[in-house]
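As structure tokens, the structure follows; a few thoughts come after it.
Letters A, B, ... mirror the listed sequences (proteins, then strands); counts begin at 1.
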Amino acid sequence: MTSETFGVPEKPVLEGLEATWSARWAEQGTYAFDRSRSREEIFSIDTPPPTVSGSLHVGHVFSYTHTDLIARYQRMRGKEVFYPMGWDDNGLPTERRVQNFFGVRCDPTLPYEAGYTPPAEPDAKRQVPISRRNFIELCNQLVEEDEKVFEQLWRTLGLSVDWSQQYTTIGDESQVVSQRAFLRNVARGEAYQQDAPTLWDVTYQTAVAQAELEAREYPGAYHRVAFHGPGADGEAAQVFIETTRPELIGACVALIAHPDDERYQPLFGTTVTSPLFGVEIPVVAHTAAEPDKGSGIVMCCTFGDLTDVIWWRELQLANRTIIGRDGRILPDVPKWITEPSGVELYATLAGKTTFTARELMVAALKESGDLDGDPKPTQRMANFYERGDKPLEIVSTRQWYIANGGRSADLRAELIARGDEIEWVPTYMQSRLTNWIGGLNGDWLVSRQRFFGIPFPVWYRLDAAGEPVYDDPILADEASLPVDPASQAPPGFDDSQRGEPGGFMADPDVLDTWATSSLSPQIVCGWERDPELFAKTFPMDLRPQGHDIIRTWLFSTIVRSHLEHGSVPWTHTALSGFVVDPDRKKMSKSKGNVVVPDEILTSYGADAVRWRAAGARPGADSPFDEAQMKVGRRLAMKVLNASKFVLAPEEQYGLGADAAHLDASLVTEPIDLAMLTRLRGVVDEATVAFDAYDYAAALEVTEKFFWDFCDDYLELVKERARRDDAGGASAKSAFVLALSVQLRLLAPFLPYVTEEVWSWWQEGSIHRAAWPVNATDLTTPEQDPGVLAAAARVLADIRGAKSVAKVSQKTEIGTLTVTATADALKLLALAFDDVRAAGRVTATPTLTPDESTDGFAVEAVPLPTS
RNA sequence: GGGCGAAUAGCUCAGCUGGUCAGAGCAUCCGGUUUACACCCGGAAGGUCGGGGGUUCGAGCCCCUCUUCGCCCA
């Protein structure tokens with residue numbers, strides 16, 4: 001084999017490696033999944049589908065790199081890696097992006113318009129209403145373009161994904177899986193519909209699940225308001241409550257105080273009347289009332305907050321809804337308000353926003369004298385939908401739920417136990433799941449009043465009056481999935497009966513996006529579609545994800561798998577931290593501190609960016625620091641240059657070593673053997689670290705060795721390596737043996753530069769090569785690594801002497817005295833010729849044994865330069 | 001208020017079950033045009049390991065407590 005076949009470039013560069021090799025990998029199917037392998041040989045990864053309507057930032061780049069490190073390691077260990085990529089295009093983020101991008105909005109009442117073209121100059125403020133089908137077409141069009149951009153970025157980054165295995169959360173396969181899983185939940189009684197108080201976002205006009213809540217500070221004011229009771233002797237007595245929401249007085253159903261609160265004990269069981277409306281209100285006791293808050297007695301409404309819901313449920317209070325889904329006061333005067341003045345007041349509130357209604361109420365309370373003092377401003381915690389900017393209202397609506405343990409202690413215990421079956425990286429993250437499950441207080445609300453999502457495979461019969469019969473839904477047949485009930489008629493009906501009395505109507509809602517992504521293992525593994533694949537990949541081996549979505553994605557995936565399969569969805573989960581800006585603040589678009597991945601990939605190269613990502617340990621947040629990328633780039637560059645030096649022919653000033661030198665029997669020099677002995681330790685450590693998903697530690701130990709290899713060993717031995725004798729052969733063989741092992745150890749981190757170098761002298765892709773194993777890759781005899789350490793130590797002191805003398809490192813050493821213990825000197829002697837050559841020691845050195853010395857004492861005197 | 005995590009050189013972090021554990025890289029400073037590499041090489045300086053207690057022959061490492069920061073949940 002001559003060097004012409006492969007060839008080492010004169011001046012290797014990093015530029016262009018991404019384009020060259022990502023194309024080659026695609027062409028040669030380097031990362032293609034071979035499904036003929038057995039379950040034991042397969043490692044399956046439940047990749048997080050990124051939200052395509054968002055933009056990728058450097059945090060994504062880091063966490064996807066972390067997964068890829070594991071994928072590449074497992075592949076080199078001989079596993080067939082099942083590594084698909086998904087795109088999360090389902091749901092509200094896409095709707096919002098389509099609205100802004102095209103300047104349209106969905107109006108489900110409009111008819112479909114074939115060949116519709118959106119406005120040429122989109123105006124986000126004047127969105128053109130279009131039909132649901134047109135809207136969805138635009139969603140599909142946009143996500144397709146977004147997904148191409150994402151794929152290109154992932155390919156450049158070098159993710160070893162099998163690109164033939166892609167899915168989207170809105171795609172047909174996801175629809176089939178989501179609908180089928182839902183139908184089975186219904187059949188087993190795990191999914192049900194209920195008319196119940198629901199957290200409602202008035203902006204997006206949709207129900208919101210507990211997991212999507214976010215508590216935020218919200219400015220408000222305490223209003224001290226009088227309710228009226230009969231005094232002891234028939235005189236009117238006043239009971240003061242403090243509320244931040246006086247507009248809800250008309251929805252008041254009870255006043256509640258703590259049972260031990262002596263101030264209010266006489267009132268329990270009696271009634272008072274509400275101010276302005278004169279409605280009779282019971283006074284009751286409940287332990288959730290806080291005596292030291294405000295006046296200690298609180299007004300319970302339909303519904304001001306989640307505590308009101310608890311009271312409503314536990315105390316069986318009346319339902320007095322006055323706020324509609326649009327967040328405005330309902331138009332009709334409620335039947336419980338009968339006082340003429342109350343009716344009149346209500347009429348002025350009807351149709352107003354809660355904000356306006358509050359102002360009107362405050363004015364009326366002031367006038368009637370029921371407001372005590374001025375409102376006291378406060379910051380209260382209010383629940384928000386995580387994407388919304390108005391506090392959530394609680395309205396009564398009919399929604400679909402899936403059991404998640406929120407209403408069953410047994411199920412909670414089972415789900416917590418599933419968490420125990422999973423290996424967590426890092427382990428402490430498990431407590432976040434356990435705590436979350438423990439704190440659940442309601443089932444999982446899965447219906448959303450949105451458009452771009454997977455529809456419920458459900459219709460409702462219409463009775464003779466045209467009213468839907470919700471108790472007896474018509475469910476789609478599994479064989480007919482995916483189904484769109486809005487355009488398809490249920491079994492036994494035809495479309496002319498849609499909306500007619502005696503006919504049917506479609507369930508108008510779509511499934512929560514988490515209801516689909518919670519099935520990602522079922523989607524990618526081919527549940528019910530490809531039983532052979534499913535058996536070989538499920539339960540999956542690894543779920544990588546961010547720690548911020550443990551309560552949503554991780555938890556809901558466990559729920560679905562537990563309910564459907566009675567198993568965990570995967571055996572391991574690895575949680576990535578965030579990339580934070582240098583001030584340790586989370587990166588977000590609104591703060592303007594987002595680092596765009598393309599820029600750093602272009603400036604430093606994929607290998608350098610991956611190197612930096614690998615330095616962030618699992619679960620730990622990592623501040624972004626561009627200076628760090630330079631270090632990764634330097635490592636990649638060093639790999640190129642050191643490899644070139646070893647492999648290039650002599651006419652290129654290389655050592656001319658090649659694959660033919662991969663012969664352990666040629667390595668005879670003690671220092672060469674010592675270096676390889678140390679490398680064996682590195683292989684062991686890196687392997688142990690990777691097995692524990694600690695890629696950062698694997699990189700650290702490998703990198704440390706590599707720099708020492710370059711700076712000390714290579715420098716010590718390179719003169720001898722040029723010789724044409726046994727000593728030269730020993731060095732060349734040691735070089736290529738060490739290079740082969742190190743390239744493979746670095747391959748998961750630096751896939752481009754290691755592949756490039758591998759191609760100079762080896763057949764096939766390094767990424768399909770075997771992870772180094774000492775028993776086969778490093779079979780040289782054991783040698784005390786102290787030989788190398790001693791030589792490196794003395795060489796460092798010689799360099800130091802030249803540095804202090806401010807002379808060139810080329811300067812010859814005239815006097816050299818080394819003092820150390822006899823044993824240490826013995827080790828040094830085994831490599832002393834190399835030390836003398838590397839240090840340019842021309843004079844005869846003096847070696848002085850001294851058992852009292854610790855380490856080496858070196859005195860080196862450079863010769864004066866002429 | 002509860003849970004989890006973190007606090008080690010100017011910066012980013014290693015320091016595994018207590019005994020060469022006071023380290024690395026970056027930045028800084030000094031020096032070197034060295035036929036692998038100026039996208040380089042060598043060298044130096046830098047910290048009473050957040051504060052206070054305790055356990056121990058011995059503590060960044062274990063226990064208690066306080067302070068600060070981050071995330072999650074109330």
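A:F645 has its CZ atom 19 Å from the P atom of B:rC39, to the nearest Å. Distance CG (A:L739) to P (B:rA36): 16 Å, rounded to an integer number of Å. B:rG25 atom P lies 13 Å from atom CG of A:L635, rounded to whole Å. One atom, NZ of A:K810, and another, P of B:rG43, lie 19 Å apart when rounded to the nearest Å. A:E715 has its CD atom 11 Å from the P atom of B:rU35, to the nearest Å. In this entry the distance linking OH of A:Y653 with P of B:rU34 reads 15 Å, nearest Å. Between the CD atom of A:E650 and the C1' atom of B:rA36 there is a distance of 14 Å, given to the nearest Å. A straight line from CE of A:M637 to P of B:rC40 spans 9 Å, rounded to a whole angstrom.
As judged by a 4.0 angstrom heavy-atom cut-off over every strand, A:E700 is placed among residues touching the sugar-phosphate backbone only. As judged by a 4.0 angstrom heavy-atom cut-off over every strand, A:R722 is placed among residues touching the sugar-phosphate backbone only. At a threshold of 4.0 angstrom between heavy atoms, the contacts of A:K718 include nucleobase atoms, whether or not backbone atoms are also involved. Looking at heavy-atom distances under 4.0 Å, A:R634 makes contact with sugar-phosphate atoms alone, never a base. In this structure, A:W611 reaches neither bases nor backbone, as no heavy-atom distance under 4.0 Å exists between it and the strands shown. The residue A:Y428 sits close only to the backbone: its heavy atoms come under 4.0 Å of sugar-phosphate atoms, none of a base. Within the 4.0 angstrom heavy-atom criterion, only backbone atoms of the sugar-phosphate kind lie near A:K644; the bases stay farther away.
Residue A:K638 places at least one side-chain N or O under 4.0 Å from the OP1 or OP2 atom of B:rC41.
At least one cation-pi condition fails for A:R793 and A:F856: the charged atom is not both under 6.0 angstrom from the six-membered ring centre and inside a 45 degree cone around its axis. Judged by a 6.0 Å distance limit and a 45° cone about the ring axis, A:K638 is not positioned over the six-membered ring of A:F706.
Look at B:rC39: it lacks any Watson-Crick or wobble partner with both distances under 3.5 angstrom. If you check B:rA59 for Watson-Crick or wobble pairing at under 3.5 angstrom, you find it has no partner at all. In this structure B:rC4 sits in a base pair with B:rG70, meeting the Watson-Crick or G-U test at under 3.5 Å. In this structure, B:rA27 makes no Watson-Crick or G-U wobble pair, since no nucleotide meets both defining distances under 3.5 angstrom.
For A:E703 against B:rA24, no side-chain N or O and base N or O form a donor-acceptor pair under 3.5 Å. Judged by distance alone with a 3.5 Å cut-off, no donor-acceptor contact links the side chain of A:S808 to the base of B:rG32.
Taken to the nearest 0.5 Å, the CG atom of A:L575 stands 10.5 Å off from the CD atom of A:Q430. Note: A:T811 OG1 to A:K802 NZ = 6.0 Å, rounded to the nearest 0.5 Å.
The nucleotide whose nearest atom lies closest to any side-chain atom of A:L714 is, among B:rA36, B:rC71, B:rG31, B:rA36. Of all nucleotides listed (B:rC73, B:rC4, B:rG43), B:rG43 comes nearest to the side chain of A:S803. Of the candidate nucleotides B:rC30, B:rA36, B:rC26, B:rC30 has the atom lying nearest to any side-chain atom of A:K806. Distance from the side chain of A:R617 is smallest to B:rG15 among B:rG32, B:rG15, B:rA36. Looking at the side chain of A:V631, the nearest of the listed nucleotides B:rG42, B:rC26, B:rU12 is B:rC26.
Heavy-atom distances to RNA chain B give each of A:E15 and A:A627 a nearest nucleotide, and the one nearer the 5′ end belongs to A:A627. The 5' end of RNA chain B is approached more closely, in terms of each residue's nearest nucleotide, by A:N641 than by the other of A:N641 and A:D712.
Side-chain atoms of A:T842 come within 3.5 Å of backbone N or O of A:I813 as a donor-acceptor pair.
Between A:D672 and A:R720 there is a salt bridge, since a side-chain N of the basic residue sits under 4.0 Å from a carboxylate O of the acidic one.
Glycosidic conformation at B:rG60 (O4'-C1'-N9-C4 for purines, O4'-C1'-N1-C2 for pyrimidines): syn, within 90° of 0. Anti is the conformation of B:rG54, whose glycosidic angle sits further than 90° from 0.
At a cut-off of 3.5 Å, with distance as the only test, no side-chain donor of A:S603 or A:R633 sits close to an acceptor on the other residue.
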